[in-house]
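These notes concern the structure reproduced below.
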Amino acid sequence: MAFLWENPAITIVGNADNSVSPYLKAWIGSEGGVTVAGVIGEGTSREMTANWTSPFADKSLGSMFASLGGLTQSFTDRTSITTLNSRLIWEGNESHTLNLVLRLYALRDPKKEVMDAIEALEKMAAPQLNDYSPINSDGMGKVPSRVSVNIGRCFIWPECVLLGVQTPLDKEKNKDGYMVRADVNLQIKTLSMINQSQISSTFG
């Protein structure tokens, strides 16, 4: 699913401040849905985690005869542990993790620039399930949408899932009860681990 932030067919809600550089904004979109724009907030980060373990850490000749090995070490200061015991083995990478702080504030229309944006983000993270049967007249239930993420037009991930949406409820409101600003914290993961050959494409 490609993300085209300048596609005129895409409905964009959220930050509408044209005085802010697009390199300081982020866009989150789902296929067939609206796209949410916001200013990149403090604390936004990307994280890549490789899983390396030491499967031989507790394996040694002495471990087969633990008591005997302990006595031997106590009296001779010798051990059957080798440097191989600390050898790390790669067991896969986790999906890229994005911690995105999306800053929303209203210049003219708090509903569209703040509230509609929050609503759209929560819809992206929510499934659409049937009440009683897995299948009804509309077919089977649907899992949450996959989303595309574009941070500053430099960091782009086309297939992600939205794990969490945290929204403050104690911010200023206008006379109609709409919040005029909010920093929304989003937890996002790529759908799968990223290969070395794909890293460059995530940098725009």
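Because the structure is a prediction, the values reported are computed rather than measured. Heavy atoms only: backbone and side chains are in, while hydrogens, waters and symmetry mates are out.
- In terms of heavy atoms, N51 sits closest to E94 at OD1-OE2, 3.4 Å.
- Heavy atoms of other residues, nucleotides or ligands lying less than 6.0 angstrom from CD of Q128 number 12 at most.
- A cation-pi arrangement is absent between R153 and F203 under the rule of less than 6.0 angstrom and at most 45 degrees off the ring axis.
- Partner of S54 under the side chain to side chain contact (heavy atoms under 4.5 Å, CB included) criterion, chosen from L84, L88, I89: L88.
- Closest of all the heavy-atom pairs between Q198 and S201 is O-OG, 2.6 Å.
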Q.
Walk me through whether K25 and I40 qualify under side-chain contact (heavy atoms from CB on, under 4.5 Å).
A. CA-CA 5 Å; K25 289 186 178 183; I40 301 167; 5.5 Å; no
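- Here CE of M124 is found 12.0 Å from SG of C160. Values are rounded to the nearest 0.5 Å.
- Atom NZ of K123 sits in a sparse spot, with 12 or fewer heavy atoms from other residues, nucleotides or ligands closer than 6.0 Å.
- The distance from the CZ atom of R87 to the CH2 atom of W52 is 8.5 Å, given to the nearest 0.5 Å.
- A donor-acceptor pair under 3.5 Å is formed between the side chain of S21 and the backbone N or O of Y23.
- To the nearest 0.5 Å, the span separating CH2 on W27 from OG1 on T35 amounts to 10.5 Å.
- Under the 4.5 Å side-chain criterion, counting only non-hydrogen atoms from C-beta, M48 is in contact with I199.
- The shortest side-chain heavy-atom distance between V147 and W157 does not fall under the 4.5 Å cut-off.
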Q | side-chain contact (heavy atoms from CB on, under 4.5 Å) assessment of R46 paired with T202 | A | CA-CA 11 Å; R46 63 185 280 171; T202 70; 3.1 Å; yes
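- Formation of a donor-acceptor pair under 3.5 Å by the N15 side chain with backbone atoms of V114 is not found in this model.
- Residue T167 holds its OG1 atom at 11.5 Å from CD of E119, rounded to the nearest 0.5 Å.
- V34 and Y178 fall within a single hydrophobic cluster, where Ile, Leu, Val, Met, Phe, Trp and Tyr side chains are chained together by heavy-atom contacts under 4.5 Å.
- Checking side-chain atoms of T44 against main-chain N and O of V101 turns up a donor-acceptor pair under 3.5 Å.
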Check residues 184-197 and write down every donor-acceptor pair under 3.5 Å in which the side-chain atom is one partner and the other belongs to a residue at least two apart or another chain.
| from | atom 1 | to | atom 2 | distance (Å) |
| --- | --- | --- | --- | --- |
| K189 | NZ | T97 | OG1 | 2.8 |
| T190 | OG1 | H96 | N | 2.9 |
| T190 | OG1 | S192 | O | 2.8 |

Q) For I28 and L100, what are the C-alpha separation, side-chain angles and deciding distance, and is it a side-chain contact (heavy atoms from CB on, under 4.5 Å)? A) CA-CA 10 Å; I28 301 93; L100 174 58; 3.7 Å; yes
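- Minimum heavy-atom separation, L104 to A117: CD1-CB, 3.8 Å.
- Residues P110 and N174 approach most closely at CG-ND2, 3.6 Å, considering heavy atoms.
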Q) Please walk me through it: do W90 and T53 pass side-chain contact (heavy atoms from CB on, under 4.5 Å)? A) CA-CA 7 Å; W90 178 76; T53 63; over 6 Å; no
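- Nearest approach of L162 to L121, heavy atoms of both residues: CD2-O, 3.4 Å.
- Considering only heavy atoms from C-beta on, V143 stays 4.5 Å or farther from P127 through its side chain.
- In the hydrophobic clustering of this structure, I118 does not group with Y105; members are Ile, Leu, Val, Met, Phe, Trp, Tyr whose side-chain heavy atoms approach within less than 4.5 Å, directly or through other members.
- A heavy-atom distance below 4.5 Å is found between the side chains of L98 and V149.
- Rounded to the nearest 0.5 Å, atoms CD1 (I151) and CD1 (I156) are 10.0 Å apart.
- Listed here is the closest heavy atom pair of A16 and R108: O-NH2, 3.9 Å.
- For D109, the side chain to side chain contact (heavy atoms under 4.5 Å, CB included) partners are K111, K112, E113, not counting sequence neighbours.
- Rounding to the nearest 0.5 Å gives a distance of 10.5 Å between CG of N150 and CZ of F155.
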